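Report on the following structure.
Quantities reported herein were computed from a predicted structural model and do not represent experimental measurements.
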Amino acid sequence: MASQEKIRNIAIIAHVDHGKTTLVDELLKQGGIYRENQATQDRVMDSGDLERERGITILAKNTAVTYKDYKINIVDTPGHADFGGEVERILKMVNGVILLVDAAEGPMPQTRFVLQKALELGHKVIVAVNKVDKPDARIHEVMDEVLELLLELEATDEQFNSPTVFCSGRQGTASYSPEESGKDLTPLFETIVNYIDAPQGDENAPLQLLVSSIDYNDYVGRIAIGRIEQGTIKVNQEVTICDYHDPALKQKGKVVALYAFDGLGKAPIQSASAGEIVALSGMSEITIGRTLCDPLHVQPLPFVKISDPTIEMTFAVNDSPFAGKEGKFVTSRNLRDRLEKELLKDVSLHVTEASTDAFNVAGRGEMHLSILMETMRREGFEFSVSTPRVLTKLIDGKLCEPMERMVADVPEECMGAVIEKMGKRKGDLLGMTPMGNRYRLEFLVPSRGLFGYRSEFLTDTRGEGIMSSVLDSYAPMKGEIERRQYGSLVSFETGEACTYGLAAAQERGALFIGPGTPVYAGMVVGICSRNEDMNVNVCKKKQLTNMRASGSDEALRLTTPRIYSLEQCLEFLADDELLECTPKSLRIRKRELDHSQRMRELMKKRAQEQ
């Protein structure tokens with residue numbers, strides 16, 4: 001075991017896509033984790049299928065490298081604001097952070113969010129300007145932007161004078177000056193060892209360990225991960241589980257197995273003392289935020305309050321005509337058990353029961369909930385979800401809604417279209433900064449104004465725009481926001497889609513399905529070009545009679561159907577529609593499948609408006 005002075009605990013924080021996971025790859029390689037001839041994988045910390053497919057980090061993960069005789073525990077954190085709950089609790093485990101900033105993009109909204117959390121906890125900061133080898137790098141301007149950000153966030157003098165290292169994560173090099181090119185990551189390792197404090201904690205005091213993360217293993221069950229604040233922990237030791245926010249909770253527990261992080265795996269150990277980050281198993285009821293204490297000295301540690309969720313969706317049992325055909329888990333009991341299991345490891349998720357077979361699931365953003373939905377689909381679950389709704393708060397007697405700080409990097413010629421769309425969505429322009437032939441626009445916009453905007457934004461900027469947002473504050477409701485400029489094409493009958501019926505329907509708008517697709521009455525089969533719903537019969541076959549001449553028929557040509565991803569489906573949903581998620585299909589449908597009943601409700605609504 002490394003002595004306390006030889007341990008460094010750090011987290012790598014940054015905006016999405018600024019190169020955290022790639023830099024950790026190089027730290028592992030140069031930290032001697034691999035054999036010389038061992039095959040290595042890019043972005044090795046992104047272990048989940050979804051993480052590798054999307055190229056983003058979703059879960060915070062621990063690893064450890066050795067430099068000289070120092071043990072450096074590293075936590076790789078997600079960059080998306082939707083997974084901010086992961087970052088907030090992870091920061092309790094470490095003594096310092098490496099703030100990674102892209103040399104071309106500079107500090108972005110998520111940089112501000114994670115840095116603010118780290119400064120509040122008093123952590124020391126190492127600024128790492130990454131991707132200095134990019135042709136469009138603007139290192140000196142980015143340095144000024146970082147200092148401005150530290151000033152804005154009221155950093156202490158020591159935090160303001162943080163050391164800076166210039167890196168290229170892909171090449172695995174670092175240097176102390178932007179003018180000189182590095183040979184390896186030694187300058188970064190040296191800065192970590194010399195600048196970040198060793199963990200403080202009395203090894204001889206009674207045990208205190210705060211659980212900051214949960215892992216799961218089919219063989220040993222739940223694995224708690226946390227830093228030992230003080231004392232020593234041993235295998236087979238009796239402990240008391242307590243909670244700072246629930247003084248009545250005092251459970252007995254026993255440490256069955258104890259592990260230290262070693263490279264990409266965990267190594268079993270017999271004991272560990274203050275300052276170490278360890279994983280332990282044997283307690284089935286352990287959750288994030290609980291403290292393990294010596295039974296004779298029960299003193300729970302305060303846990304950071306995780307920011308509240310901002311949006312909510314209703315997850316319900318699938319009741320469409322095709323229910324149960326593709327999924328393995330289809331009942332409300334399956335759905336309840338799965339959501340409860342997710343709650344145990346995701347602290348920023350809230351679940352409440354809406355009815356016997358529907359649950360309100362609240363999270364940080366559309367991506368937060370869509371990742372959960374995609375994971376459940378892959379596990380064999382079948383369910384339906386409603387449109388996202390924002391969670392409002394009553395502040396000083398006024399109904400307030402969440403506001404997001406949205407930053408968009410757009411080409412100069414697309415700027416007008418973006419500003420116009422944001423105006424329609426009740427967004428206020430805060431700033432406009434030129435960056436070569438591009439502009440950085442900063443808006444304060446209601447969260448609900450961003451629902452369904454991403455695909456529109458990519459169209460307006462011809463795929464060249466970059467946008468990201470993070471929760472900023474709550475403000476009084478901004479009034480009605482029109483979400484959709486178009487209606488839905490709704491199937492009129494149940495059956496199998498035919499070319500003849502689809503050819504007639506495609507004149508009314510763009511289709512989601514091709515010939516041979518099974519459809520049911522009330523299922524949405526495309527986008528209507530008008531701003532209203534239209535019923536179409538895509539199952540209609542051509543009446544074959546001997547009255548027509550064989551040569552007078554034209555060949556029917558169908559356009560390629562639009563295949564929407566899960567996020568695009570959620571963006572498309574209207575308030576009276578549901579998304580049916582099964583392991584094989586994503587189907588959009590009307591809540592009320594019966595056409596005549598829908599018409600009655602529409603007439604009633606129009607009569608009330610008049």
For T517 and E496, run side chain to side chain donor-acceptor pair (under 3.5 Å): C-alpha distance rounded to whole Å, both residues' side-chain angles, the deciding distance at 0.1 Å, then the answer. CA-CA 6 Å; T517 308; E496 200 171 274; over 6 Å; no
Inspect the contact between E592 and K590 and indicate whether a charged nitrogen and a carboxylate oxygen are less than 4.0 angstrom apart. no
Got more than 12 heavy atoms from elsewhere within 6.0 Å of NZ, K421? yes
To the nearest 0.5 Å, tell me how far D460 CG sits from L458 CG. 9.0 Å
So, taking the atom named NZ in K424 and the one named CD1 in I419, what distance separates them when rounded to the nearest 0.5 Å? 14.0 Å
Test item: side-chain donor near acceptor, T459 and R462, under 3.5 Å: no
F492 atom CZ, neighbour heavy-atom count above 12 within 6.0 Å: no
Between D357 and R336, does any NZ, NE, NH1 or NH2 come within less than 4.0 Å of an OD or OE carboxylate oxygen? no
Examine K541 relative to Y500 and say whether NZ or CZ is less than 6.0 Å from the centre of the six-membered ring and inside a 45° cone about the ring axis. no
CG on D319 to CG on L593, rounded to 0.5 Å: 7.0 Å
What about the rings of F359 and F383, do their centers lie closer together than 6.0 Å? no
What residues, two or more places apart in sequence or in another chain, satisfy side chain to side chain contact (heavy atoms under 4.5 Å, CB included) together with T499? P515, L556, L558
Would you say E382 and T582 are linked by a side-chain donor-acceptor pair, where the criterion is simply a distance under 3.5 Å? no
Would the distance check show the side chain of R589 and the main-chain N or O of L578 forming a donor-acceptor pair, the cut-off being under 3.5 Å? no
Using every non-hydrogen atom in the two residues, find where L489 and L511 come nearest and quote the distance to one decimal. CD1-CD2, 4.1 Å
Taking atom types as modelled, is there a side-chain donor on S384 or E580 under 3.5 Å from an acceptor on the other? no
CD1 on I371 to CD on E366, rounded to 0.5 Å: 12.0 Å
Is any side-chain N of the basic residue among R377 and E374 closer than 4.0 Å to the acidic one's carboxylate O? yes
Is it true that the side chains of R587 and N318 contain a donor and an acceptor less than 3.5 Å apart? no
Note: E412-R438 ion pair, threshold 4.0 Å (strictly below): no
Cationic N near anionic O, under 4.0 Å, K478 to E401: no
Got more than 12 heavy atoms from elsewhere within 6.0 Å of CD, E480? no
Is any side-chain N of the basic residue among R591 and D576 closer than 4.0 Å to the acidic one's carboxylate O? no
Do you see a donor-acceptor pair shorter than 3.5 Å between the side chains of S488 and E577? yes
Using 0.5 Å steps for rounding, measure from the CZ atom of F315 to the SG atom of C581. 7.5 Å
Are the side chain of T310 and the backbone N or O of R364 linked by a donor-acceptor pair below 3.5 Å? yes
Can you list every pair that meets ring-ring contact (aromatic ring centres under 6.0 Å, His included) and has a residue in residues 412-436, with sequence neighbours left out? none
Charged N to carboxylate O below 4.0 Å: is that the case for D409 and R440? yes
Looking just at side-chain N and O atoms, do R389 and T314 make a donor-acceptor pair shorter than 3.5 Å? yes
Do the side chain of R508 and the main chain of M534 share a donor and acceptor less than 3.5 angstrom apart? no
Passing option when L502 is tested against V525, V536, V538 for side-chain contact (heavy atoms from CB on, under 4.5 Å): V538
Measuring from atom CZ of F451 to atom CG of L573, what distance do you get when rounded to the nearest 0.5 angstrom? 11.5 Å
Donor-acceptor side-chain pairing of E567 and S370 below 3.5 angstrom: yes
